[in-house]
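Quick notes on the structure that follows.
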Protein chains: 2
Amino acid sequence: MTRKRNTNRNAGTPTLADVARLAGMSEITVSRVVRNQGPIADATRTRVLAAIAQLGYIPNRAAGSLASAASTLMTVLLPSLSNIVFPDVLRGIHTAITETAFQPVIGVTDYDPLIEERILLSFLAWQPAAVILAGLHHTPTARKHLEQGRFRVAELMDIDGDPVDIAVGMSHRQAGYETGRHLIERGYRRFGYAGHMLISDDRAKARYQGLCEALREAGLSLVGEMRVPGGGSTIAGRELLEKLLAAHPDLDVVIFPNDDMAIGGIFYCIHAGILIKERLGIFGFNGLDIGQAMPLPLSTILSKRFLIGKTAAEKLLESRERPAEKTIINTGFDIIEGATA
Amino acid sequence: MTRKRNTNRNAGTPTLADVARLAGMSEITVSRVVRNQGPIADATRTRVLAAIAQLGYIPNRAAGSLASAASTLMTVLLPSLSNIVFPDVLRGIHTAITETAFQPVIGVTDYDPLIEERILLSFLAWQPAAVILAGLHHTPTARKHLEQGRFRVAELMDIDGDPVDIAVGMSHRQAGYETGRHLIERGYRRFGYAGHMLISDDRAKARYQGLCEALREAGLSLVGEMRVPGGGSTIAGRELLEKLLAAHPDLDVVIFPNDDMAIGGIFYCIHAGILIKERLGIFGFNGLDIGQAMPLPLSTILSKRFLIGKTAAEKLLESRERPAEKTIINTGFDIIEGATA
DNA sequence: AAGAATAATGACAGCGCTACCATAAAACGC
DNA sequence: GCGTTTTATGGTAGCGCTGTCATTATTCTT
């Protein structure tokens with residue numbers, strides 16, 4: 001006598017079989033209607049849909065994923081949620097997949113490749129359809145799984161490197177370089193850098209290096225630089241600029257790794273009565289709305305976060321299979337002239 | 001002759017059975033080790049763990065969820081990602097569950113209950129362990145599923161209403177009321193409101209009503225109000241204040257539904273040379289870092305977004321079963337005195 | 001020392017769905 | 001008009017786990 005376990009397990013939750021019985025069709029036909037797959041006669045579809053509505057049937061994705069060895073989940077690993085930058089990326093991803101069957105599972109890595117690896121492995125347990133992560137730098141184990149997995153991979157933000165599958169972003173080294181050129185052209189000579197100590201923020205580091213390269217080419221170098229511990233905030237930027245100017249009163253321009261810190265710098269200048277742009281140039285990175293809404297719009301570089309997320313997700317949707325060729329999409333960046341440098 | 005489908009399906013991906021074979025144990029024992037469940041001898045555990053490491057075994061959560069009729073997924077439905085408020089909530093949730101087996105699946109509702117319902121139903125297909133959403137107002141269908149589902153439910157931000165299971169947040173009506181009282185005490189009499197037109201932002205609406213109530217009690221009322229279409233941004237706040245003051249030059253204080261817009265208002269005052277606080281008070285809502293980093297810190301109300309997310313997730317982790325009693329947790333709010341009102 | 005409780009492990013069915021193959025009817029080609 | 005393709009549907013065997021029950025050591029009572 002076979003033991004039936006179904007007693008009160010999912011009592012009341014209708015299954016494909018229930019729908020099939022009510023509609024007078026086989027399970028597989030119902031399944032095809034649900035997935036919109038294969039040829040189905042209009043009359044059949046109507047009948048099945050009615051049965052689904054009547055029962056309030058909700059497909060069990062765990063069963064579906066198990067049977068097909070593939071899920072509709074899209075793993076998204078972001079370095080942080082504290083800054084609006086990554087929510088913007090997530091928003092782009094969400095916009096691209098909102099009308100599809102894909103659902104984003106998100107993890108936060110704190111800019112730590114080891115945490116990234118741990119979360120990645122735990123997410124692979126769902127056999128995701130795609131994995132989206134930030135940057136091209138991962139642990140060897142993570143890289144191995146990314147390369148061997150049966151899913152699409154998109155690496156965002158950065159394109160200076162060798163992607164697993166798709167890379168969407170911009171060259172941060174070039175952004176830093178262009179920042180330097182831009183400011184040199186405007187006559188600035190005594191450069192300061194007010195940064196943070198996020199060692200794993202490869203993008204900020206690349207911009208810093210690009211900046212230094214531009215200075216070197218022009219026979220210049222950073223006169224002074226300081227870094228705050230942690231990720232850098234508006235308040236940190238404000239306090240850091242005060243310290244930096246105390247140590248190097250002769251700076252004529254200060255570059256910040258992001259707009260948040262740069263805005264803090266502007267607030268310090270307002271507070272201290274320092275004439276922005278004429279006496280001290282301020283330059284940021286990201287092109288946040290708030291920087292552009294200020295009385296003096298911030299001079300900065302617009303990174304296209306939303307576009308990066310959206311483009312990546314759209315690209316991933318194009319094919320379930322990983323193509324032979326790797327793809328690199330450069331979304332570029334715009335220098336925002338602004339009024340602070 | 002039984003057809004084997006396993007041919008190249010998951011070629012190479014080791015299963016529980018593979019681990020069991022290598023470790024010389026039964027599948028169920030391996031399963032118990034993986035799930036850290038039931039009594040396991042130390043020697044056995046060591047042996048199994050070694051086999052897992054050797055094979056690089058990754059459990060298949062789809063199979064696990066199917067067998068146990070429960071997943072480790074936590075559904076998170078947020079109204080928006082454009083504003084840092086909801087990423088802050090998400091950050092709190094993530095902080096609470098980061099060391100657990102739970103994984104957040106996120107959806108964005110655009111403040112639309114119908115979209116919320118649609119996403120909710122599609123997420124229920126994963127048999128989530130918990131559902132987190134914003135506000136206490138949902139479609140009847142959504143509410144029905146929330147009440148009947150075999151998962152915990154947390155409704156965030158708002159506590160003015162009847163929750164399904166747990167509500168964590170603050171009274172927005174009271175926040176609006178206290179804003180009014182606070183400003184009246186400081187001598188302001190000619191109130192303006194510069195808002196947005198997000199009809200479904202129930203929280204902003206409740207604050208507005210609370211504000212009006214405080215004014216009414218004091219024999220006052222709004223002298224002028226204006227709203228921008230959409231959700232409101234710094235730039236919108238800036239432009240809106242200009243228009244509002246053009247129509248009502250005699251206002252002595254303006255309340256904004258959020259800090260972003262209020263900061264825009266401050267920028268307009270700086271630009272137009274209006275003496276903030278003495279000539280015109282500015283009051284926001286949220287207590288964003290940037291508002292406090294400004295030369296004149298913004299007068300506002302601190303909503304404890306991170307705490308709300310974290311508290312809710314922690315509370316959900318306490319028990320898998322929904323308790324008989326509903327829980328309402330008031331995280332409260334702080335009035336930030338600031339220097340703008 | 002006999003019985004009871006506990007610790008440690010296993011056998012096996014079945015969770016709800018989809019891949020794979022098969023089949024029958026309708027449409028098509030020339 | 002007879003093969004051939006296309007359209008529409010179904011039977012069935014798993015997918016990889018875990019719940020349930022069973023079994024055998026081991027330890028504890030008194």
Side-chain angles (χ1 to χ4, degrees), chain A residues 1-21 23-48 52 55 57-72 124-127 150, chain B residues 1-21 23-48 52 55 57-72 124-127 150:
Chain A
M1 199 182 92
T2 44
R3 233 177 304 128
K4 282 277 176 199
R5 213 200 327 173
N6 199 11
T7 19
N8 75 343
R9 179 189 159 83
N10 263 336
T13 305
T15 69
L16 256 198
D18 297 323
V19 177
R21 207 171 303 123
M25 309 299 297
S26 70
E27 295 185 32
I28 187 67
T29 300
V30 176
S31 171
R32 287 189 183 116
V33 171
V34 170
R35 287 178 293 149
N36 227 330
Q37 208 240 57
I40 298 286
D42 283 348
T44 305
R45 185 189 311 278
T46 308
R47 206 133 54 91
V48 169
I52 288 175
L55 292 176
Y57 168 69
I58 295 179
N60 182 326
R61 288 302 315 144
S65 296
L66 178 59
S68 66
S71 80
T72 55
L124 292 187
W126 291 104
Q127 315 206 165
R150 298 157 62 89
Chain B
M1 199 181 93
T2 46
R3 235 179 301 128
K4 283 277 176 200
R5 212 201 326 176
N6 199 11
T7 19
N8 75 341
R9 179 190 158 83
N10 262 336
T13 305
T15 69
L16 256 198
D18 297 323
V19 176
R21 207 171 303 122
M25 309 298 297
S26 70
E27 294 185 35
I28 188 67
T29 300
V30 176
S31 172
R32 288 188 183 118
V33 171
V34 169
R35 286 179 294 152
N36 227 331
Q37 207 238 57
I40 297 287
D42 283 349
T44 305
R45 185 189 311 278
T46 308
R47 205 133 54 91
V48 169
I52 287 175
L55 292 175
Y57 168 69
I58 294 179
N60 183 327
R61 288 302 314 145
S65 296
L66 178 58
S68 65
S71 81
T72 55
L124 291 187
W126 290 104
Q127 314 204 166
R150 299 158 61 90

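Note that the structure is a prediction, hence the values are computed from the model and not measured. Each chain gets a letter, A, B and so on, in the order the sequences are listed, and its residues count up from 1.
Remark: P of C/dC17 and CD1 of A/I52 are 10 Å apart, rounded to the nearest angstrom. Atom-to-atom, CD of A/Q37 to P of D/dA8 comes out at 14 Å; the value is rounded to the nearest Å. One can place CG of A/N60 at 16 Å from P of D/dC17, the figure rounded to the nearest angstrom. Atom CG in B/L66 sits roughly 11 Å away from atom P in C/dT18 (whole-Å rounding). Rounded to an integer number of Å, the gap from CZ of B/R35 to P of D/dG16 is 17 Å. One interatomic measurement links the two molecules: CG of B/L16 to C1' of C/dG14, which rounds to 16 Å at whole-angstrom precision. Rounded to an integer number of Å, the gap from A/R21 CZ to D/dG11 P is 13 Å. Atoms CD (A/E27) and P (D/dG14) sit 16 Å apart, rounded to a whole Å.
Shown here are the side chain to side chain contact (heavy atoms under 4.5 Å, CB included) partners of A/A41, two or more places apart in sequence or in another chain: A/T44. Listed by chain and number, the residues in a side chain to side chain contact (heavy atoms under 4.5 Å, CB included) with A/T46 amount to none (sequence neighbours excluded). In this structure, the side-chain hydrogen bond (donor to acceptor under 3.5 Å, both in side chains) partners of A/R35, at least two apart in sequence or on a different chain, are A/S31. Residues forming a side-chain hydrogen bond (donor to acceptor under 3.5 Å, both in side chains) with A/T29 (at least two apart in sequence, or on another chain): A/S26. For the salt bridge (charged side-chain N to carboxylate O under 4.0 Å, His left out) test, residues two or more places apart in sequence or in another chain that qualify with A/R21 are A/D18.
At distances below 3.5 Å, at least one donor-acceptor pair connects side-chain atoms of B/Q127 with backbone N or O atoms of B/A69.
Residue B/A63 has its side chain nearest to D/dG16 when only C/dA19, D/dT18, D/dG16 are considered.
Here A/R61 does not reach the OP1 or OP2 of C/dC17: none of its side-chain N or O atoms lies under 4.0 Å away.
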Give me the distances for all protein-to-nucleotides 7-9 of chain C N/O pairs that come in under 3.5 Å?
unit_1 : atom_1 : unit_2 : atom_2 : d
C/dT9  : OP1    : B/T44  : OG1    : 2.4
C/dT9  : OP2    : B/A41  : N      : 2.9
C/dT9  : OP2    : B/T44  : OG1    : 3.3

